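This report concerns only the one structure given below.
Note that these values count all heavy atoms, side chains included, but never hydrogens, waters or copies made by symmetry. All figures in this text were calculated on a predicted structure; none of them were measured in a lab.
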Amino acid sequence: MIRLTDVEMEYENGTDAIRGITLNIADGEFVFLVGPSGSGKSTIINLLTGELIPSAGRIMVNGFAVSTISGKQLPLMRRTLGVIFQDFRLIEKKTVYDNLSFVMRAVGASPKEIRKRIPYVLELVGLKDKALCHPTELSGGEQQRVAIARALVNNPTTIIADEPTGNLDPDRSLELMRLLIRINELGATVVIVTHEKELVNRFEKRVVTIDGGKIISDQIGGYVGGTIHG
Amino acid sequence: MIRLTDVEMEYENGTDAIRGITLNIADGEFVFLVGPSGSGKSTIINLLTGELIPSAGRIMVNGFAVSTISGKQLPLMRRTLGVIFQDFRLIEKKTVYDNLSFVMRAVGASPKEIRKRIPYVLELVGLKDKALCHPTELSGGEQQRVAIARALVNNPTTIIADEPTGNLDPDRSLELMRLLIRINELGATVVIVTHEKELVNRFEKRVVTIDGGKIISDQIGGYVGGTIHG
Amino acid sequence: MAKHNIGYFFREGMSNMFSHGFMSFAAIGITVACLLIMGTFSLVAVNADAQLKTLESENEVLAFVNEDYTEDQAKGLQSELENLSNVASVQYISKEDAMASFQAQYPDEQMFQNNLKPEIFRDRYAVHLKDLHLTKETVAALKDVEGIDDVNAYEEISNGFITVRNIATVVCVALILILFVVSIFIISNTIKLTTFDRREEIAIMRMVGATNGFIRWPFVYEGFMLGLLGAVISFFLQWALYEAVARGVATNDTLQLIHIVSFEQLWVPVAAVFGGTGILIGVGGSLSAIRKFLKA
Amino acid sequence: MAKHNIGYFFREGMSNMFSHGFMSFAAIGITVACLLIMGTFSLVAVNADAQLKTLESENEVLAFVNEDYTEDQAKGLQSELENLSNVASVQYISKEDAMASFQAQYPDEQMFQNNLKPEIFRDRYAVHLKDLHLTKETVAALKDVEGIDDVNAYEEISNGFITVRNIATVVCVALILILFVVSIFIISNTIKLTTFDRREEIAIMRMVGATNGFIRWPFVYEGFMLGLLGAVISFFLQWALYEAVARGVATNDTLQLIHIVSFEQLWVPVAAVFGGTGILIGVGGSLSAIRKFLKA
Ligand SMILES: Nc1ncnc2c1ncn2[C@@H]1O[C@H](COP(=O)(O)OP(=O)(O)OP(=O)(O)O)[C@@H](O)[C@H]1O
Ligand SMILES: Nc1ncnc2c1ncn2[C@@H]1O[C@H](COP(=O)(O)OP(=O)(O)OP(=O)(O)O)[C@@H](O)[C@H]1O
Ligand SMILES: [Mg+2]
Ligand SMILES: [Mg+2]
């Protein structure tokens, strides 16, 4: 369960990225977060993960009060999340396999679990034969899929994805969406930031539209804005 | 003018990314390069810029034989190109303004030219008020627009863009395309790698489709593949 | 901490060390350089000190017996002198012995060899002191003894000697301290630089819910391994260097006189100091280097 | 190179230095540390050498005149001795003078003060040599002079003295060389580490068509500034340190005797060496650090 109450975020340089947002996402929901470039979508994601502390307001994520969380609680909260970052954030010095095993280790998985889980997840994103490559040896879309695999590998209860399809071709994008919907149907909460009007329109899901740091629409189905496809 | 003749590219780890491509792009043409993730699009871009040396074949770009170019000629060739990279490649320690002035300096522009040109280019991509921000203070789409501005700033005769709209909302994507078309109409050659079927279909331009390191189609208008929008 | 984690941390630390090849090489190289410089100075200082101690023990005060005393009376003073505080030992030297040693000192003054008579010398005691710093007080005490006429304290000499030794000690200790501080500064900076490009990695670990403790361990292991390796390499290099110098000294005609402390007597403290310093610097450097990335 | 570029390179180099605050600080700190250690040792060595030279010049050989020669005859030998090669100067010492100085040496042997007669001493010459290494040859030549009976060469003493001085010189030069190599190693590694995270920047410059020369200049300036700054800081610290020690020596009762070479006599070479080394290391380190990024 995700609950933002009157959240505001002003960056150190004075940019008012979020200007009062209240938003509830129930457990098991599937939500698209859309809006123009610079509207504050990534900022919301970073507030949910505890990477940013809001200037005002309250944030609850899976039972943790993120806005006031302690250093000891933060790792426990983050283990409930699987995050796909807009800029991937892969470790260049580790292979694809090690990029994944490393985050399983970090939450205390046993070597046996790791050996079982990683090939399965790599299969899901279609990178089984790239396991021993380094991120620098991958195409942009392949890197993005490693980032997706990493978010899935610890079986999180909530998946948060920032532009997961920005570098994927239409076929792969659709595949990924279907995968996330399947995971959602198994019980996980899914929040996806995207620009892809096609995808948003294709699925009748909740769409929250942000502009200028405010929610300007919250409805089921239909990409708001985007004149070219209007 | 860009001419690839029987080009092959095998990476050090044995990946056969390009398996024999012959492609001519005349001066002043506008070309979309499309294809699934991992098909070899970015590899072609890197071959054109001289960042990669082909395992076989010949590459000519704007009168330079890129595949056999000397260390002294390479910078001259590159000054004819404006490249937008899939991963942006901005310098985090420099402001947006300095990221641009730096590449103008690199080709010998005077301070006066720089002071005149940069505000103009930032205006074009809609980032005038972010000139003094560092890349880390920008949203994903804003970073992408800085990368675009950097490619335009030196007034290149050829613009090569790898996924320039991956992080942009539909309005901004359309705006950018219109800008590139305007630049193309003023005489520049433009090569764009993209997944955005919408954009490709909207303009009646040449579309080269790659799959598995080979050209599988070369036609005017119409995105090939991408079942969801088919 | 689960059992399989210990192995993981260790392997992780090792593989980090190798995957950051150049960085690790620089850190180890600098550790070795610093330890060697420090070690060499310390060992030179130890030897110089040993040498000085030997010389010092040869330093003596002469106490002249009243000319009117008979030889027996003169000898009778021995126990009284020995009982004075700060007197390590006394040695009776008769007029005849004094003359003989005097003659030995001046082989070139022909006349001394034939014309001298023991009577022109006085009976004397060579007095060795426990603590040269107290020479003044002891000379006064010797002079107070009934039957001792005069004391040749070589006071300026022993004073000068002590001063020189003190200065040498201070200079050595100061140099070693400076080198130690400089070494720590250099090495911890090096480790900081080497961990600088790991902030990304740390950020990702934090983001997926790793605890600070979990993040810290591989770095601690890496620092430990770097420091230990540096220490081990330094130790063997130091050993080789020391033996080479010692052999050089032993085979040199003039230098033979210098007594070199054997490495067997020194290797335990050298190993302990090298190992301790190396590990301390390695682990400390690593911890201080990642500390700021763990805060935010 | 266009005029506005020089200013650009310079500003770029400066701003790089500041924007890589911690890295630059580390590089400068390490340069200062290394230069100071090197400098301190060199200055100690220079002073020790000056001290030894003074002592050496006091070293003399005694040539004893035949006992049958009259004082005039004895004095007549002076010019002959002076003409020998390797003889720096000779000083005639009469029997009377010899006795006086002998008595001054033994104030405690009462009998010497009254009972000695000049006749038991011999006339002699104190001979100063130009080159102590040739003592043996010169002694032989002295002995060959008609009227010289005997020569007291103190050969072992001067031999030992030379050996000690040679060893001291070798040890000092070796230490300074080692420190120099270690310093270069440490500093160039530091600069390499500091430029390591600039490979991205370099890659971008290359990609937009900057020539290698253009890319190199800001790095050269940065290295130059780092090295120069390190050298300047080291110079003033070294100066302060030297003056402090010199003052300490001058005010100490016993140490007054030691003659400290004034810093005025030394500052030019110290500044030159520090500046040269700092800049060499800075620029060299920068160039070697970016070289590999410019290749591909
Ligand atoms: N540096 C490299 N070393 C080895 N293999 C590489 C390297 N870069 C790319 N590859 C491989 O070459 C193939 C083509 O990669 P390329 O980056 O050209 O794909 P792309 O068409 O740009 O894909 P995307 O749309 O996902 O960016 C991929 O299979 C990729 O894994
Ligand atoms: N670290 C930062 N410091 C200062 N300002 C920032 C920072 N990060 C983002 N901003 C600013 O905050 C605003 C919102 O940024 P955010 O990254 O949330 O946008 P976004 O909706 O994710 O956009 P995009 O679709 O382009 O990724 C932008 O104006 C951006 O410039
Ligand atoms: Mg964003
Ligand atoms: Mg690509």
- prompt: Can you name the nearest heavy-atom pair linking Glu201(D) to Phe102(B), along with the distance?
  reply: O-CZ, 4.0 Å
message: Quick check: do Ile204(D) and Lys94(B) have side-chain heavy atoms less than 4.5 Å from each other?
response: no
message: Within this structure, what is the CZ-OG1 distance for the pair Arg79(B) and Thr211(D), rounded to the nearest 0.5 Å?
response: 6.0 Å
query: Of all heavy-atom pairs between Phe85(B) and Met207(D), which one has the smallest distance, and what is that distance?
result: CZ-CG, 3.0 Å
Proximity breakdown for Ile53(B) and chain D, heavy-atom pairs closer than 4.5 Å: neither
query: So does Tyr120(B) have more than 12 non-hydrogen atoms from other groups sitting under 6.0 Å from OH?
result: no
query: Is it true that atom CZ of Arg58(B) has more than 12 heavy atoms of other residues, nucleotides or ligands lying nearer than 6.0 Å?
result: no
- request: Report yes if some heavy atom in the side chain of Met205(D) is under 4.5 Å from a heavy atom in the side chain of Val103(B); otherwise report no.
  value: no
For the student: nearest non-hydrogen atoms of Ala106(B) and Val208(D), plus distance: CB-CG2, 4.1 Å
Neighbour count above 12 (heavy atom, 6.0 Å) for Arg3(B) CZ: no
